[in-house]
2 protein chains.
Amino acid sequence: MELTDRKKQILKIVVDGYIATAEPLGSKAIAEKMPGKISSATIRNELAELVELGYLEQPHTSSGRIPTPKGYRLYVNELMEQHTLSAEETASINASLGGKMAQVDQLVSQAGQMVSRFMGYPSYAMAEGRRDISVRRFELIAVDSGSFIAVVMLSDSRVKSQLMPLTLPVDGQTLPEISHLLNTHFTGIGPEEISRHLMNLTDQVSGQWFLLLNQVCDYARQLLQEAAHQSVFTTGASQLLKFPEFRDVDKAHDLMSFMVDNKENLPVPTGDSPMQILIGPENVNDALKESSVVIASYDIGENMRGLVGVVGPTRMDYATVAARLSYFAESLSRMFGAGQLPAKEDTKE
Amino acid sequence: MELTDRKKQILKIVVDGYIATAEPLGSKAIAEKMPGKISSATIRNELAELVELGYLEQPHTSSGRIPTPKGYRLYVNELMEQHTLSAEETASINASLGGKMAQVDQLVSQAGQMVSRFMGYPSYAMAEGRRDISVRRFELIAVDSGSFIAVVMLSDSRVKSQLMPLTLPVDGQTLPEISHLLNTHFTGIGPEEISRHLMNLTDQVSGQWFLLLNQVCDYARQLLQEAAHQSVFTTGASQLLKFPEFRDVDKAHDLMSFMVDNKENLPVPTGDSPMQILIGPENVNDALKESSVVIASYDIGENMRGLVGVVGPTRMDYATVAARLSYFAESLSRMFGAGQLPAKEDTKE
DNA sequence: TTTAGCACTCCTTGCCTCCGAGTGCTAAAG
DNA sequence: CTTTAGCACTCGGAGGCAAGGAGTGCTAAA
């Protein structure tokens with residue numbers, strides 16, 4: 001059953017007001033904000049029905065009304081005015097995006113930081129990659145008699161490198177030959193297969209070689225493992241304390257420690273809409289049942305998506321957050337979709 | 001003027017008790033904890049003098065006593081019992097240290113995380129490096145017609161690498177030649193000098209070459225800058241909320257946002273004692289005037305020191321924190337001093 | 001120097017009251 | 001049938017007050 005226009009209007013006023021002040025709205029205050037002259041008594045009748053229907057509730061008999069999650073949901077779906085970003089807002093977002101972000105891993109975490117700082121809510125960020133990552137290319141570089149550099153390029157184009165000690169001196173040919181061996185036998189496969197292949201080689205190569213191979217393969221396996229186990233970054237948890245609903249230290253503590261200790265369980269978007277809003281109990285996770293989350297995702301080229309989420313009280317300013325977050329995500333996509341990944345973007349418009 | 005033994009004993013009981021419960025201690029409670037039979041009246045006389053001398057204070061007339069910063073200081077310097085770590089504690093620390101830490105940068109941050117998690121206090125961590133870092137070695141690796149890998153080894157033995165786009169195709173000789181050029185002209189110098197050298201080359205090399213040189217030098221400059229501007233990691237700020245002194249949300253918020261937004265101003269050890277305790281107003285920074293900080297540093301080989309600090313209320317459990325932190329720092333030093341990490345530089349050239 | 005005793009201080013807790021914002025309901029008006 | 005005015009009622013919050021208790025300082029005796 002559909003709500004009448006007037007009911008919707010009232011609902012919108014209640015949500016808007018409650019978002020702004022965190023105080024329940026009374027019939028009189030609402031009456032004043034309604035266009036046309038309507039008495040508070042009329043409003044009261046409407047309010048009673050909205051409560052009946054489950055869109056509003058009152059913290060106690062005889063106090064104003066506040067939205068229920070169902071109320072927020074309707075608001076978000078239909079009533080919310082599209083917040084259009086002001087020139088300053090876009091400028092400010094563009095400014096945060098200005099700094100160049102080198103490594104994919106850092107990129108994601110930085111995106112989270114920017115969002116949190118810019119929006120004034122805690123945020124979290126992660127990369128949603130594909131799971132089947134392998135090594136695309138090995139390169140060993142001689143440094144001096146005691147060490148060499150292992151460079152590993154992964155199938156998602158990330159490059160990692162590390163200095164490694166050389167337990168025994170080697171002649172000039174050894175490293176290139178080992179590189180070659182690695183590139184022919186150890187690329188394009190997963191970590192377990194790397195181990196298997198390595199085992200097969202035990203008696204085909206000299207102990208010296210095997211030592212080196214093992215060293216590099218260890219490193220590669222470690223990288224692959226890291227890449228598979230996607231990490232989540234959270235920032236700005238302390239921003240929660242600004243909100244009156246978290247004056248209760250215990251509540252704040254619960255949510256904050258959930259965000260840092262249980263990052264992996266923070267919601268990820270279902271379906272493939274670019275932006276998603278989860279209101280209060282819509283969150284599966286208990287710790288989030290009294291909070292809302294806005295999630296957006298963006299492209300980082302190469303089958304990878306970045307994901308950034310904003311956490312706040314159910315009374316979160318959905319319109320503004322959604323607008324900003326979506327602009328943010330679009331900008332990021334444009335940045336990385338257009339110019340490819342780790343490259344420079346300083347020659348941009 | 002020295003305190004009598006009995007005064008010290010009383011002071012110790014007050015500090016111990018207040019650390020444990022966050023409640024002021026009364027004369028009666030103290031009397032019970034004193035060895036031998038002493039009446040509460042006697043204790044009262046002593047307490048009055050300790051207040052007079054500035055070691056204790058009372059939140060209001062007629063309430064128990066709590067330690068002043070001066071009191072804590074004496075406690076820390078003389079009275080505190082060395083907390084010796086139990087087998088479980090050391091085992092637990094060793095377990096956290098078990099995981100291998102690859103990159104120097106991550107290492108430092110991970111050390112902070114472990115400390116925070118293990119101690120139950122917020123913590124911060126940074127690396128104290130030398131300032132005059134330069135590039136020791138360049139290496140460019142061809143990948144395909146559209147990109148190459150730049151590997152840069154810094155003078156502190158860290159190795160960084162990144163995939164770069166190739167704006168124009170190059171022949172097989174170009175990259176090695178450019179590497180050579182970079183290695184002969186751009187190693188061992190600071191970021192400004194890199195820029196200067198590059199300018200000098202503008203009309204000596206082809207535009208194509210210059211483009212590539214510029215690309216790599218940009219990257220190198222960025223790395224040097226990053227290395228010089230040491231970054232600080234903070235973790236576990238939410239742990240603050242566990243302490244009753246931070247039930248006041250505003251206080252908690254102030255300190256927490258200080259820790260994340262003003263990391264650079266967190267205290268670093270003065271002098272060269274391996275561990276330092278800063279109590280309340282001994283902190284220069286206003287935001288920390290009501291908190292205490294315990295700092296320890298550890299070696300990461302190669303002239304570099306890691307630094308990790310624990311932040312808590314002045315009523316922090318100094319004995320335990322100090323013991324654990326120092327064990328932690330020692331273990332880290334041992335781990336990296338002894339062996340492997342980012343590398344040893346045994347050949348001097 | 002220590003101790004017992006006592007009056008005093010001041011925080012905490014619970015209780016009570018008052019106030020006001022806001023409600024639901026009823027009855028009259030449109 | 002809907003809207004409005006009026007009125008009694010509810011309930012949380014603020015303020016005041018008294019009782020309780022933990023702890024003190026002081027004094028006088030051991």
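Everything numeric in this text was worked out from a predicted model, so none of it was measured. The sequence lines fix the lettering, A, B, ..., with proteins before strands; numbering per chain opens at 1.
- Between A:Phe233 and A:Tyr124, the distance from one ring center to the other does not fall under 6.0 angstrom.
- Judged purely by atom type and a 3.5 angstrom limit, B:Gln276 has no side-chain atom pairing as donor or acceptor with the backbone of B:Val294.
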From CA spacing to verdict: salt bridge (Lys or Arg N to Asp or Glu O under 4.0 Å), B:Glu282, B:Lys289: CA-CA 7 Å; B:Glu282 295 173 8; B:Lys289 289 264 190 247; over 6 Å; no

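- Atom NZ of A:Lys28 and atom P of C:dG20 are 13 Å apart (whole Å).
- Atom NZ in B:Lys7 sits about 14 Å away from atom C1' in C:dT2, given to the nearest Å.
- For the pair A:Lys37 NZ and C:dG30 P, the computed distance is 17 Å after rounding to whole Å.
- Counting to the nearest Å, the P atom of C:dG22 and the CD1 atom of A:Ile30 are 10 Å from each other.
- Proximity of B:Thr61 to the phosphate of C:dC10: a side-chain N or O atom is located under 4.0 Å from OP1 or OP2.
- Stacking of A:Arg315 on the aromatic ring of A:Phe243 is not recorded, the 6.0 Å distance cut-off and the 45° axial limit not both being met.
- Looking at heavy-atom distances under 4.0 Å, B:Thr42 makes contact with a base.
- Between the CD atom of B:Gln58 and the P atom of C:dC8 there is a distance of 18 Å, given to the nearest Å.
- The outermost nucleotides of DNA chain D lying under 4.0 Å from heavy atoms of chain B, listed 5' to 3', are D:dA22 to D:dG25.
- With respect to B:Lys12 and B:Asp5, no salt bridge is recorded, no charged nitrogen being found less than 4.0 Å from a carboxylate O.
- Of the possible polar contacts, one joining the A:Glu89 side chain to the A:Ser86 backbone as a donor-acceptor pair under 3.5 Å is found.
- Summarising the geometry, the separation between NE2 on B:His60 and C1' on C:dC10 is reported as 6 Å, rounded to the nearest angstrom.
- The only option from A:Val311, A:Ile277, A:Ile279 that meets the side chain to side chain contact (heavy atoms under 4.5 Å, CB included) definition with A:Ser292 turns out to be A:Ile279.
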Could you list the donor-acceptor pairs under 3.5 angstrom formed by side chains in residues 251-264 of chain A, with sequence neighbours left out?
unit_1   : atom_1 : unit_2   : atom_2 : d
A:Ser257 : OG     : A:His253 : O      : 2.7
A:Ser257 : OG     : A:Asp254 : O      : 3.3
A:Lys263 : NZ     : A:Val232 : O      : 3.4

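- A salt bridge does not link B:Arg65 with B:Glu57: every distance from a Lys NZ or Arg NE/NH1/NH2 to an Asp or Glu carboxylate oxygen is 4.0 Å or more.
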Its dot-bracket string being built from Watson-Crick and G-U pairs below 3.5 Å, with | for another strand and [ ] for crossing, DNA chain D has the pattern ||||||||||||||||||||||||||||||

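- Nearest-nucleotide mapping onto DNA chain C: of B:Pro59 and A:Ala41, the residue sitting toward the 5' end is B:Pro59.
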